[in-house]
Amino acid sequence: MSYERKVIDIEKIKEQEGICARISARFAAEGKRPLAMVDTYGCQQNEADSEKLRGYLAEMGCGFTQNEFQADIIVVNTCAVREHAEMRVLGNVGALNHSKKNKPEQIIAVCGCMVQQEHMAEKIKKSYPVVDLVFGPHELWRFPELISRVMTGHRRVFAAEKSDGVMAEGIPQQRDGGVKAWLSIMYGCNNFCSYCVVPYVRGRERSRRPEDVVAEARQLVEQGYKDITLLGQNVNSYGKDLGAGVDFADLIRMINDIPGDFLIRFMTSHPKDATEKLFETMAACEKCAHQLHLPVQSGSDRILKLMNRSYDSAKYLRQAELARSYMPDLVLTTDIIVGFPGETEEDFEDTIRLCEKVRFDAMFTFIYSKRVGTPAASMPDPYTREDKQRHFDRLMEVSNRISSEKHREYEGRILRVLVDGETGRDEYNLSSRTNGGRLVHLRGNPALIGRFIDVKICSGNTWALYGEIENG
Ligand code: SAH
Ligand code: SF4
């Protein structure tokens, strides 16, 4: 697949920052300290994009709020992967009528994957007059210019052009300043799984240059982040579009070489091209977490073919085995779609069988959601919602049982965990994560947040482990 790699000139990002400075000066001249609210739906990539929106908003002089009645600027960063997320966005955007009535000068922007779909952008234009600005993921780099057009022109602005996607470096980012950080290494997707809208709304695969990724990782480590998750729709194809001779495993090694005590995680890996080199590298790099999210989607070869996933269940099982042979303590998680068009009882049983064989540490299960413009949307889908729900419930039971059994196996073990936050509860006031990413609740001093400590696991259930501090 060939396409032109469109990199936004750094001067253009500087111009956007210039616009932020002018907006900030304008607010200051009015004696105003504006507040912004950024509401994020969907995946970690969207969380990372919202950090960029906040970066620009901070340069516009904004503070932040979670209260829509106090906000001067509201940005809703949307997801299009399933209908449920879209319905929630539309409901919540509709409800913003109330806050805008109270504060007529409030600016409401809707961005992200949902509005990159033409029919959704149209719907918002026609039925949601409360929205002032709509822009797709490819326009995020020029958010300041777009918002300035709304402010100065006092009119609605729509910018969600069709695009294969752009790349931009140097956009300011406002992270939460805590323990964990997202780090995008690539954007877009080339895989066109038949059910999925992502390639249509996020464009083709574009990898960031390894030197830019490593420089950002180094900066994060220097800022004190301890848990860095590398993000991409399919990290295993990192670098293929660059031709720089650096693949994903090489990138992990380069980040592993950065001095400091921190963990490298990543998501998501596509099973069609997870390599032995990757597993070997994960095992060899002491900072790389032994955690692999490897979405299988289905255990039926017939359905996998219809999904255009380019692997079969045997290949998946071989990969899981190979990964575990390099890392016996590997935490392996997956995504599964239930009720893909035409999925029969037999297909579903294949999925159950695969799950019983692999014994995932955790499974993220979804009922198939029809997405406009995808090939699966026109496939015959004779099964009822009730059939799908029944399968979904059964799969959840299997998943919960296996997770709980696996968590019980931790009891009595001493593990190194990273303390990452407070739970707000008295009994177990701290939360932490194992190297493999399992949640461990603890009781201890909040000053431990951001530190690696040893804990003894006392108990575990489907969702979490409970431990006692051994040292700290
Ligand atoms: N790039 C990642 C997944 C991104 S979407 C990958 O390929 O693994 C996250 C998950 O949402 C997918 O793994 C899939 O299980 C689910 N998903 C995507 N499209 C869906 C749809 N139309 N209906 C239901 N679930 C879907
Ligand atoms: Fe969607 Fe498949 Fe790309 Fe993942 S790999 S984003 S499921 S098209």
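Side-chain atoms are counted along with the backbone in the values below, which use heavy atoms only and exclude waters and symmetry mates. Start at 1 and go down the list; that is how both ligands and their atoms are numbered.
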Are any of the side-chain nitrogens in Arg208 or Glu216 under 4.0 Å away from the carboxylate oxygens of its partner? yes
If the cut-off is 4.0 Å to any non-hydrogen atom of Phe192, which atoms of ligand 2 fall inside it? 8 (S)
Is there a heavy atom in Val198 that sits closer than 4.0 Å to ligand 1? no
Arg82 to ligand 1: N or O pair under 3.5 Å? yes
Please work out which of the three classes, parallel, tilted or perpendicular, describes the rings of His441 and Tyr428, given edges at 30° and 60°. tilted
I'd like to know whether Ser369 forms a side-chain hydrogen bond (donor to acceptor under 3.5 Å, both in side chains) with Glu83, so could you lay out the CA-CA distance, the side-chain angles of the two residues, the decisive distance to 0.1 Å, and finally the verdict. CA-CA 6 Å; Ser369 172; Glu83 190 185 15; 4.8 Å; no
For ligand 2, which atoms have a heavy atom of His270 less than 4.0 angstrom away? 5 (S)
Below 3.5 Å, N or O to N or O, backbone or side chain included: is there any such pair between Ser369 and ligand 1? yes
Is Glu47 salt-bridged to Arg175, going by a charged N under 4.0 Å from an acidic O? no
is_close_aromatic(Phe135, Phe158), centroid dist under 6.0 Å: no
Just to be sure I read this right, does ligand 2 sit under 4.0 Å from the backbone of Tyr195, its side chain, both, or neither, counting only heavy atoms? side chain
Do the two ring centres, one from His293 and one from Phe364, sit under 6.0 Å apart? yes
When distances are taken from atom 19 (N) of ligand 1, the protein heavy atom at minimum range is Tyr195 CD1, 3.3 Å
Could you check whether Tyr225 and Phe262 have their ring centres less than 6.0 Å apart? no
For ligand 1, find out whether one of its N or O atoms is nearer than 3.5 Å to an N or O atom of Ser269. no
How close does the nearest protein non-hydrogen atom get to atom 6 (C) of ligand 1, and which residue and atom is it? Thr268 CG2, 3.8 Å
Decide whether the shortest distance between a heavy atom of Asn234 and an atom of ligand 1 is less than 4.0 Å. no
Measuring from atom 1 (Fe) of ligand 2, which candidate in Cys196, Ser310, Ser269, Ser194 has the nearest non-hydrogen atom? Cys196
Under a 3.5 Å threshold, yes or no: a donor from one side chain and an acceptor from the other, between Tyr368 and Asp381? no
Return yes when Arg309 approaches ligand 2 closer than 4.0 angstrom through a heavy atom, no otherwise. yes
Side chain or backbone, does Gln297 bring an N or O within less than 3.5 Å of an N or O on ligand 1? yes
Give me the residue, atom name and distance of the protein heavy atom closest to atom 18 (C) of ligand 1. Val81 CG1, 3.4 Å
For Pro295, counting its heavy atoms only, list the atoms of ligand 1 lying under 4.0 Å from any of them. 8 (O)
Looking at ligand 1, does Arg309 have a heavy atom less than 4.0 Å from it? yes
Should Leu96 and Tyr128 count as side-chain neighbours, where that means a heavy-atom distance under 4.5 Å? no
I'd like to check which ligand 2 atoms, numbered from 1 as shown, lie under 4.0 Å from a non-hydrogen atom of Pro199. 8 (S)
Quick test: of every protein heavy atom, which one is nearest to atom 3 (Fe) of ligand 2, and how far off is it to 0.1 Å? Cys189 SG, 2.2 Å
Tyr200/Phe192 aromatic ring centres below 6.0 Å: yes
For the 3.5 Å polar cut-off, considering only N or O atoms, please tell me whether Gln233 and ligand 1 meet it. yes
How are the rings of His391 and Phe348 set to each other: parallel, tilted or perpendicular (split at 30° and 60°)? parallel
Go through it in stages, so that I can follow the logic: the residues are Arg371 and Glu86, the test is salt bridge (Lys or Arg N to Asp or Glu O under 4.0 Å), and I'd like the CA-CA distance, side-chain angles, deciding distance and then a yes or no. CA-CA 11 Å; Arg371 304 286 69 206; Glu86 293 188 331; 3.2 Å; yes
Identified side-chain hydrogen bond (donor to acceptor under 3.5 Å, both in side chains) counterpart of Arg302 within the set Thr344, Asp312, Asp347: Asp347
Check ligand 1 against Arg371 and write out every atom of the ligand that is under 4.0 Å from a heavy-atom position of the residue. 22 (N)
After noting the C-alpha distance and the side-chain angles of Asn190 and Lys240, does the key distance pass the side-chain hydrogen bond (donor to acceptor under 3.5 Å, both in side chains) rule? CA-CA 11 Å; Asn190 289 357; Lys240 285 185 183 159; over 6 Å; no
Should Trp141 and Gln16 be marked as a side chain to side chain contact (heavy atoms under 4.5 Å, CB included) after you check the CA-CA gap, both sets of side-chain angles, and the distance that decides it? CA-CA 8 Å; Trp141 67 273; Gln16 296 298 316; 4.1 Å; yes
May I ask you to identify, for Phe366, whether its side chain, its backbone, both or neither come under 4.0 Å of ligand 1 on a heavy-atom basis? side chain
Among Asn191, Asn190, Val198, which one puts a heavy atom closest to atom 5 (S) of ligand 2? Asn191
Ligand 1 contacted by Ile367 (non-hydrogen, < 4.0 Å): yes
Could you say whether the N/O atoms of Asp335 and ligand 1 ever approach to under 3.5 Å? yes
Which of the atoms in ligand 1, numbered in the order shown and given with their element, are less than 4.0 Å from a heavy-atom of Tyr368? 23 (N), 24 (C)
Below 4.0 angstrom from a heavy atom of Gln233, which ligand 2 atoms are there? Numbered from 1 as shown, please. 6 (S)
Under 3.5 Å: donor-acceptor pair, side chain of Ser378, backbone of Pro375: yes
Applying a heavy-atom cut-off of 4.0 Å, say which part of Cys193 lies close to ligand 2: side chain, backbone, both or neither. both
